[in-house]
Amino acid sequence: MAIMDTRANAVKIIDDWLRVAFPEAARANTWQLDRSGLSSAFTGWCLRLRQDVSLLIAVDQLFPYTKPVAAFFGPGAPKDGPHIEDDGRLCLVTSETTTDSLDPAGVVAHFLDKASNLLGALDRGELREDYVVDFEAYWSRSSTTGQSVQTLFDIAPPTRSLFLGTYGSQRIVSDDEERLRRWIQHRVGVDYKRDFDRSLFLWMDSLPEPSAYPKSYPDLRTLFDKANQASTLDGVKPINGSDSVVVLGGPSSLGRTAGGAIILSSGEKRREYKGFRPGKAPAATLRSGLKFNLASIRRVDAASSRIPLPQLIDADFAHIAIIGCGSLGAGAARLLAQQGVKKFSLFDSDTLGWENIGRHELGARNIGANKADALKAKLLADLPDIVNIASYGTDWRRVIANDRSVFESVSVIISATGDWGSNAALSDLQSAGLLEIPVIYTWLERNAIAAHVVALQGPKVSLRSGFDNTGRPLTAAASWWSEDLDPRCGGAASPYGAIDLAAGQSLAARAALDIASGSAVAPVWRVWVGLSSDLEQGGGFWSAAFKSVVGDPAEGGKTMAGQWRTE
């Protein structure tokens, strides 16, 4: 059945239900829809909740797969209050609320009930705490400018000075000058050499309701007076065409905080105030010409709020070195950076080719660029709160030959080259006691049908114990009915796609965090095996050696663990 047919049937069901449950209900006309900002594409109904208040409830063209819209109207209809938006629409459910598309009348009945309960709560003066719980939404709704202020600091006590920087048309504030300068430089890709302006953060023990939002500089000063912070406001003096930002913040609910910004601007640049020496005009004179705007805030470090706190703490202190920034290593780097790791050292001497872009983090704009250098630039631009990335566009063995300290601050090394010579050199350094930090060796088997990570530390357990002297694994997961013979002198290239690769990237990244945080201790051997049906279709089968050491993958598509060989 077409979606339009489904909608027509749903509307008919609602019509039939309303005729019984609310006989006085009538279809809404165009002006009634328009009053609530709804187009004629909506179908709506009007019904009376009490003598002086009616309710409009409307559905769009995608109903019953979307939620209804509701609004109060009538002489006694509340014009403002919690859950009433500017156009009079009601916020009755959250954006995550789902509805039953098979019961359109039941959905409408639920919204009618919610609207009736809201009207009663507003009449009784309840729900005032919702202004604080959802402070940032109400503050944003009261914004007097289309601009917003980006924040890069914790909205938490105490009241303190902030640094204000600008890039493009964006304003951003932080209480850490070094972090702010680094963030902007990473975001725009060039050094930020300008001085920062001074701004303020005011911590409030209780956040105001919309009726108490400041509307002028004197109102703002009153808030600072109540917090015994009036003197701090005197230090913010935007003059000669400059801006300043004041961020207000306080507790919202469940241990959370919320905030909003005020942009103070002196307006157009002018020479100076007549009768005063440059920079010496009294505060009252300066304030009289200020432009005052409420602005929403955008927390540019908000991504960290989506990561579980223990994982975030582990990632924050980790420094990961990645040798080999190909499809496997680059993907692991991206996952670790998104997980909150802020320090990396990247090593790769190779450049990106057209054949790489189908399964590499870098795309066509980086063709011909060194993989390590280009990956560094991309990660910093995409995740500018990263503290530092060092990139080395050469073989790590050449780097360490000239600088023995290159791995000194590193928590764990990921070796993702798939090159036996490189891995053997790392392993030999470990066996000789010359490389004490843990190393995660990761590689993919043919067609990416299996991905391995082996974490080793110290001289007692060696990577070599799992390979012959030419780098052939002794316990490969898959065996093949025919050899993968590639005649090219430039090296073989195993065919696999980004989907096949993803499990290996995740496996390597997770092992790196586990080892760096101490939640796992080397030696560790983890293997992700693909689907047995994919292996069979490609002309392979699970090897007897792997089954005897690690176990039978059965249908595959899972992570397994084994005990790494000892010499």
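The structure presented is a predicted model; accordingly, all values stated were derived computationally and were not measured.
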Give the C-alpha distance, both sets of side-chain angles, the deciding distance and a yes or no for salt bridge (Lys or Arg N to Asp or Glu O under 4.0 Å) between Glu136 and Arg299.
CA-CA 11 Å; Glu136 291 183 8; Arg299 306 189 195 199; 2.3 Å; yes

Note: Ile297 and Gly259 closest approach over all heavy atoms is CD1-O, 3.5 Å

Going by atom types only, do Ser349 and Arg398 share a side-chain donor-acceptor pair under 3.5 Å?
no

Q | Trace of the ring-ring contact (aromatic ring centres under 6.0 Å, His included) decision for Tyr441 with Trp420 | A | CA-CA 11 Å; Tyr441 302 90; Trp420 175 243; 8.8 Å; no

task: Answer with yes or no whether the side chains of Ser411 and His319 bring together a donor and an acceptor at under 3.5 Å.
output: no

*Answer yes if the side chains of Gln61 and Arg7 hold a donor-acceptor pair under 3.5 Å, and no otherwise.*
no

Assess the residue pair Arg179 and Asp385 against the criterion (side-chain contact (heavy atoms from CB on, under 4.5 Å)); give the C-alpha distance rounded to whole Å, side-chain angles, the decisive distance to 0.1 Å, and a yes or no.
CA-CA 8 Å; Arg179 183 186 184 192; Asp385 207 24; 2.6 Å; yes

The complete set of side chain to side chain donor-acceptor pair (under 3.5 Å) pairs with one or both residues in residues 551-564, sequence neighbours excluded, reads Ser465-Trp564

### Distance-only polar pair, side chains of Tyr167 and Gln150, donor-acceptor under 3.5 Å
yes

Closest heavy-atom pair, Asp350 versus Asn370, reported as atoms and distance to 0.1 Å, is O-ND2, 3.3 Å

Taking NZ, NE, NH1 and NH2 as the nitrogens, is one of them in Arg397 or Asp395 under 4.0 Å from a carboxylate oxygen of the other?
yes

Q | Worked check of side-chain contact (heavy atoms from CB on, under 4.5 Å) between Leu463 and Leu456 | A | CA-CA 7 Å; Leu463 180 71; Leu456 303 175; 3.9 Å; yes

Side chain to side chain contact (heavy atoms under 4.5 Å, CB included) test vs Phe201 passes for just one of Ile155, Thr151, Asp175, namely Ile155

query: Any luck finding a side-chain donor-acceptor pair between Ser519 and Ser517 under 3.5 Å?
result: yes

Gln338 meets the side chain to side chain contact (heavy atoms under 4.5 Å, CB included) criterion, sequence neighbours left out, with Arg334, Leu335, Leu383

Next on the checklist: For the residue pair Asp176 / Ser174, report whether a side-chain donor-acceptor contact shorter than 3.5 Å exists.
Outcome noted: no

Tightest non-hydrogen contact, residues Ser391 and Ala372, listed as CB-O, 3.7 Å

- Query: Does CG belonging to Asp195 count more than 12 external heavy atoms closer than 6.0 Å?
  - Reply: no

Side chains of Asp60 and Thr66: donor-acceptor distance under 3.5 Å anywhere? yes

Can a donor-acceptor pair be found between the side chains of Ser427 and Arg464 at a distance below 3.5 Å? no

**Request:** With side-chain contact (heavy atoms from CB on, under 4.5 Å) as the test, would you mind laying out the steps for Val524 and Val454 before giving the verdict?
**Result:** CA-CA 6 Å; Val524 170; Val454 176; over 6 Å; no

Look only at the side chain of Gln430 and the backbone of Pro459, and say whether a donor-acceptor pair between them is shorter than 3.5 Å. no

Contacts satisfying ring-ring contact (aromatic ring centres under 6.0 Å, His included) that involve residues 530-556 (not counting sequence neighbours) are Trp481-Phe541

Point to revise | Residues Arg526, Asp514; criterion salt bridge (Lys or Arg N to Asp or Glu O under 4.0 Å); working and verdict | key: CA-CA 12 Å; Arg526 297 173 184 170; Asp514 287 348; 3.0 Å; yes

Closest non-hydrogen atoms of Ala451 and Gly504, given as atom of the first, atom of the second and distance, are CB-CA, 3.6 Å

